[in-house]
Structure formats: C-alpha cells, structure tokens
There are 2 protein chains.
Amino acid sequence: MIIFSERVNGMYRDVRKAINEKDERIVQDLVREQVAGGADVMDINLGPTKGDPVENFVWLAQTVHAATDRPLSLDSAKPHVLVAAMPRVRAALPDTKLIINSSTAAPEAMGQLIPVAAEQGAGIIGLTMDQEGVPGNVEKRVECGATFLMTAMESGITPEDIYLDPIILPVNVAQKQPANVMEAIRQLAIVSDPPPHFILGLSNVSQQCLMRNLLNRTYLVMSIAAGLDAAIMDAADKELVEAAISAEVLLDKQLYSDDYLKAWRMQKGLH
Amino acid sequence: MIIFSERVNGMYRDVRKAINEKDERIVQDLVREQVAGGADVMDINLGPTKGDPVENFVWLAQTVHAATDRPLSLDSAKPHVLVAAMPRVRAALPDTKLIINSSTAAPEAMGQLIPVAAEQGAGIIGLTMDQEGVPGNVEKRVECGATFLMTAMESGITPEDIYLDPIILPVNVAQKQPANVMEAIRQLAIVSDPPPHFILGLSNVSQQCLMRNLLNRTYLVMSIAAGLDAAIMDAADKELVEAAISAEVLLDKQLYSDDYLKAWRMQKGLH
C-alpha cells in the first residue's frame with residue numbers, strides 16, 4: 001500500500017494560511033505527523049492560495065522536503081501550473097522523486113504532462129476521464145484508463161511510475177459509482193502486465209457525509225480487495241491505516257504475524 | 001445483509017454451562033443482546049455439551065424462541081443429529097423458519113440433509129467441501145458449491161433457501177485462503193440466477209489471532225464486496241455491524257442517508 005498524504009492541501013484552512021504566510025512550522029508539523037502515521041508520499045496541493053502558484057509550489061516542496069525525504073506528488077487541476085512548476089521543483093530538489101498529480105486522458109492534458117513526467121523521471125497520475133468529464137459508467141473509465149496507460153507507456157514511462165485514478169465521487173450524490181470504480185480497477189488491472197498502480201482520492205467518497213471516517217475506511221478496504229494499491233488519504237487516521245494494513249494481510253500482500261501492525265511499522269522504520 | 005448470530009454456541013463457556021444446567025435466563029439474555037444488535041437469524045450450536053443432543057436442541061430452540069421469533073439455524077457437524085433434531089424442533093415450533101447448518105457437498109451428507117430441508121420448508125447451508133475435506137484452491141470450492149446448489153435445487157429448494165458457505169480458514173495458518181474464498185463467491189454468484197445466498201462463519205478467519213475484531217471487520221467488508229450477503233457473526237459487535245452496513249451502502253444495496261445506520265436500525269424495528 002502506497003500511502004499518499006492528503007493533508008498538505010490548501011483546501012484545509014491551516015495549510016492555506018501557512019502557504020499564504022509562508023509559515024514553515026505549521027506545514028512541517030503536519031508532514032511529521034503524516035510520516036509518523038505511515039505516509040509514503042507527500043501530496044502537496046496549493047488549494048485557493050494567494051500569489052504565484054509556481055513560486056508557491058517551489059516554497060511548499062522545499063518546506064515539506066526539509067521535514068522528510070519522502071517523494072512529493074505535485075497536485076493541481078491546472079496542467080500549465082504543473083508544467084511550469086515541475087522543472088522548478090526538480091531544480092530545487094534534484095534528488096527527490098516527484099509525481100505529477102494529475103493528467104486526464106484528454107489528448108491536450110496528456111500532450112502537456114506526459115512528456116514532462118518522461119523527461120523528469122517522474123511518476124504520473126492519470127484520471128480516467130477525458131474532455132467530456134467524469135464517466136458515469138465502468139466502460140468509459142476503462143477506456144480512458146487504458147488510453148492513458150498506453151500513451152504514457154509509449155512515452156517510455158514504466159507501469160511502476162503510472163498511477164491510474166478512476167475518480168471516486170461522493171456516495172451521497174452518486175451511490176452507484178463506488179461499485180463502478182472498483183469494477184474499473186478490476187478490469188484495468190488485467191490490461192497490462194505488470195499492471196500500473198491504482199490510486200484514489202479516498203476522502204472524496206464521503207464528501208458532505210456524516211459518517212466520514214467509517215465510509216472512508218470501509219471503502220478503502222473494499223477497494224484494496226479490488227486491486228487498489230495506493231490512496232491519497234489522511235495517514236494520521238490510525239483506524240484507516242490499520243484497516244488498510246489488515247486488508248493487505250488478508251489478501252496475502254503483507255506477511256501475517258500476530259502483531260502485524262507493529263511489524264508493518266518496523267518495516268517502514270517507524271516507531 | 002442477513003446476520004446470523006454466532007453467540008448461542010456451546011463452544012462459549014457461558015452457553016455450555018447454560019445448556020448443561022438448562023438455565024434459560026443466560027441464553028435469553030444473550031438472544032436479546034444479539035437481536036438488539038441486529039441479528040436476523042439465531043444460529044444455535046450445542047458445542048461439547050452433556051446429554052442427548054436431540055433433546056438439547058429441542059430445549060435450546062424453545063428457549064431461544066421464547067425470547068425472539070427470528071428464524072433458527074440448527075448448527076451441527078453431525079448430519080444424524082440434524083436429521084433427528086429437525087422434525088422434533090419443527091413439531092415444537094411449527095411456525096418458526098428453520099435453517100439446517102450444515103451439509104457438505106459429499107453425496108452422503110447431501111442425501112441425508114437435503115431431503116429434510118425440502119420436506120420441512122427449511123433453509124440449508126452447504127459447505128463447499130466434500131468427503132476429501134476443505135479444498136485448498138478456488139476451483140474445488142466452486143465445484144463443490146455448484147454441486148450442492150444443483151442438488152438442492154433439483155430437490156425443489158429455491159435459491160432463496162440455499163446458503164453456500166465457502167469455508168474461511170484462519171488467516172494465520174492459511175494466508176492464501178481468504179482471497180480464494182472471495183474468488184469462489186464471485187464465481188459461484190454467476191452460476192445461478194437468482195443466485196443463492198453466500199455465508200461465512202466469519203470469526204474463523206481470526207482464530208488464535210491477536211487482532212480478532214479488526215480482522216473480522218476487515219474481512220467482512222471485503223467479502224461483502226465479493227458478494228457475501230450473510231454471515232455467522234457476533235451481532236453485538238457494534239463496529240462489525242456498522243462496517244457491514246457501510247459496505248452495503250457503498251455497494252448501493254442500502255439506500256444512502258446521512259444517518260444510514262439509524263435508518264437501518266429503524267427498518268429492522270430496533271431502537
């Protein structure tokens with residue numbers, strides 16, 4: 001399970017304020033908490049912050065990196081921001097693994113972002129949607145996912161560096177989509193061997209819901225059984241992380257031992 | 001989700017003592033707790049109790065029935081005990097739905113138990129194993145499950161009354177089996193339309209494990225996504241029940257509402 005921390009995101013008020021005021025301490029405290037909880041990758045998203053987004057990305061990447069040497073995932077819905085920010089962050093942090101989050105399968109987005117990932121040796125997340133928006137069915141998700149996968153591989157990116165994100169929508173507005181997303185993962189998992197990674201922005205499933213943690217945890221477990229091996233999630237949610245590790249033990253992807261949670265933490269060098 | 005209460009089982013010391021001493025109060029307190037937690041069916045198992053098993057079954061069935069009118073599942077690994085007990089329990093409780101737990105797919109067991117179920121209008125649980133024991137792979141489980149399903153249907157039992165149990169083994173001794181069991185459910189779900197029910201003796205997955213509740217909960221959620229719609233489980237484990245309901249909401253099998261747990265309880269007439 002590759003845990004992408006969702007927490008350094010300007011959508012959260014504390015992070016937004018920290019970015020606007022260039023307050024390193026707030027960001028770095030969060031980073032340490034996420035890494036201690038088991039985060040493998042720090043996703044960084046500016047959200048609705050002030051100032052130049054490229055400068056903000058460089059500052060945020062350097063600030064996060066000062067607290068951890070984990071890979072960084074640059075998260076923005078604006079391809080031109082990612083295209084401009086990637087070489088700047090690369091220059092500032094020459095040895096840090098970077099991941100682009102995200103491209104869609106629309107030709108324009110792929111044409112801008114896949115070459116950057118290939119050039120920089122970065123990972124890239126591909127949303128299974130195109131210029132027409134988020135598919136309501138399984139078939140279109142699979143089609144977009146396969147298109148993105150093939151296009152990225154043709155540019156020399158290996159499956160190891162490709163993350164397909166089948167886009168989970170809130171269960172309270174689209175109750176058929178959680179099952180569709182899992183079915184899309186199952187179908188896309190057999191398109192390529194080795195398969196790419198599968199990732200979700202987990203907390204979207206419970207947007208505006210009352211039982212957020214319970215829904216996140218339940219959906220994460222089900223999705224891991226369907227083939228999910230990465231998630232953008234709150235690594236400080238202990239019950240969520242423990243559910244994910246338990247799912248992997250039950251699927252024989254982590255060795256069972258009586259204290260398998262402790263074993264998992266030791267493997268990762270956590271206390 | 002059809003919740004079979006696992007708790008009235010002579011393997012538990014308190015229940016064993018209650019059966020041996022014919023102490024109705026202990027059993028009925030447990031029954032009320034299980035029903036309040038959401039049990040739909042009361043599984044009753046004598047375990048290693050003293051005295052005549054048929055008389056004990058009649059006493060236990062009547063004792064449980066005095067506290068709830070939920071269906072009763074007579075649980076024994078000995079076909080001859082079930083064959084003898086079923087008509088006696090039926091005579092004592094003429095209006096209570098009964099379920100036989102369980103037959104295997106071995107010709108001898110099916111030959112004894114399926115006719116009893118057909119005759120009594122009872123449900124029947126079929127383990128996906130035969131005289132050779134519990135299969136180590138998916139294929140044999142599917143073969144045994146299909147054999148049991150066909151044999152039961154040929155005797156006039158409808159899929160609605162047939163429960164296939166693909167036999168979950170403890171994850172600490174057979175770590176590949178939890179995934180095999182789920183794959184067997186997925187494959188058996190398409191053998192008949194409408195499909196039978198799928199059930200597991202859930203707590204077996206965590207026998208002798210340290211993190212029992214977490215493993216039970218995680219495996220239940222994953223199995224529901226694979227097609228499980230019934231489980232023999234502890235209905236008083238609130239987190240377990242809430243995880244199951246959440247899984248069904250995420251699979252669009254329970255209508256979403258903000259307080260879907262409360263809605264589920266109200267639907268069942270619970271407070």
Side-chain angles (χ1 to χ4, degrees), chain A residues 168-183 185-186 202 205-228 238-264, chain B residues 168-183 185-186 202 205-228 238-264:
Chain A
I168 186 65
L169 300 171
V171 64
N172 60 351
V173 296
Q175 208 180 341
K176 289 195 188 315
Q177 297 310 314
N180 284 355
V181 163
M182 292 193 286
E183 182 56 26
I185 292 174
R186 273 185 220 105
L202 181 65
V205 78
S206 64
Q207 284 289 355
Q208 310 288 337
C209 293
L210 192 62
M211 319 276 181
R212 292 208 65 168
N213 290 359
L214 177 59
L215 286 167
N216 290 348
R217 197 157 67 230
T218 305
Y219 193 58
L220 181 59
V221 164
M222 296 188 345
S223 298
I224 291 172
L228 193 83
K238 194 162 172 276
E239 285 186 282
L240 180 65
V241 172
E242 290 183 356
I245 309 312
S246 301
E248 293 208 324
V249 165
L250 287 160
L251 294 165
D252 199 25
K253 290 178 180 177
Q254 291 270 343
L255 190 65
Y256 178 84
S257 63
D258 276 338
D259 207 345
Y260 61 83
L261 296 171
K262 194 173 167 193
W264 175 81
Chain B
I168 185 65
L169 300 171
V171 65
N172 60 352
V173 296
Q175 208 180 342
K176 289 194 187 316
Q177 296 310 315
N180 284 354
V181 162
M182 291 192 288
E183 182 56 26
I185 293 174
R186 272 184 220 106
L202 181 65
V205 77
S206 64
Q207 283 290 354
Q208 309 289 334
C209 293
L210 193 61
M211 320 277 182
R212 291 208 67 168
N213 290 0
L214 178 59
L215 286 166
N216 291 347
R217 197 157 68 230
T218 305
Y219 193 59
L220 182 60
V221 163
M222 295 186 351
S223 299
I224 291 172
L228 194 83
K238 193 163 172 276
E239 284 185 283
L240 181 65
V241 172
E242 290 183 356
I245 309 313
S246 301
E248 293 208 323
V249 165
L250 286 160
L251 293 164
D252 199 24
K253 291 178 179 177
Q254 292 270 343
L255 190 65
Y256 178 84
S257 64
D258 276 338
D259 206 345
Y260 61 83
L261 296 171
K262 193 173 169 194
W264 175 81

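In what follows, every chain begins at residue 1, and chains take the letters A, B, ... in the order their sequences are listed.
Lys238(B) meets the salt bridge (Lys or Arg N to Asp or Glu O under 4.0 Å) test with Glu242(B); sequence neighbours excluded. Residues that satisfy the side-chain contact (heavy atoms from CB on, under 4.5 Å) test with Ala225(B), not counting sequence neighbours, are Met222(A), Leu251(B). Residues forming a side-chain hydrogen bond (donor to acceptor under 3.5 Å, both in side chains) with Ser206(A) (at least two apart in sequence, or on another chain): Arg212(A), Asn216(A).
A pairwise comparison of heavy atoms in Asp259(A) and Met211(B) identifies OD1-CE, 3.2 Å as the closest pair.
Within residues 173-180 of chain B, the residues having any heavy atom under 4.5 Å from a heavy atom of chain A are, by residue number, Gln175(B), Lys176(B), Pro178(B), Ala179(B).
Between chain A and the residues Ile224(B), Val205(B), Val249(B), the most heavy-atom pairs under 4.5 angstrom are made by Val249(B). Of the residues considered (Val171(B), Leu210(B), Leu250(B)), Leu250(B) shows the highest number of contacts with chain A, using heavy-atom pairs under 4.5 Å.
How far OH of Tyr256(B) is from CG of Leu215(A): 6.5 Å, rounded to the nearest 0.5 Å. A distance of 9.5 Å separates CZ in Arg217(A) from OG1 in Thr218(B), rounded to the nearest 0.5 Å.
Contact of Glu183(B) with chain A is not made at all, since no heavy-atom distance falls under 4.5 Å.
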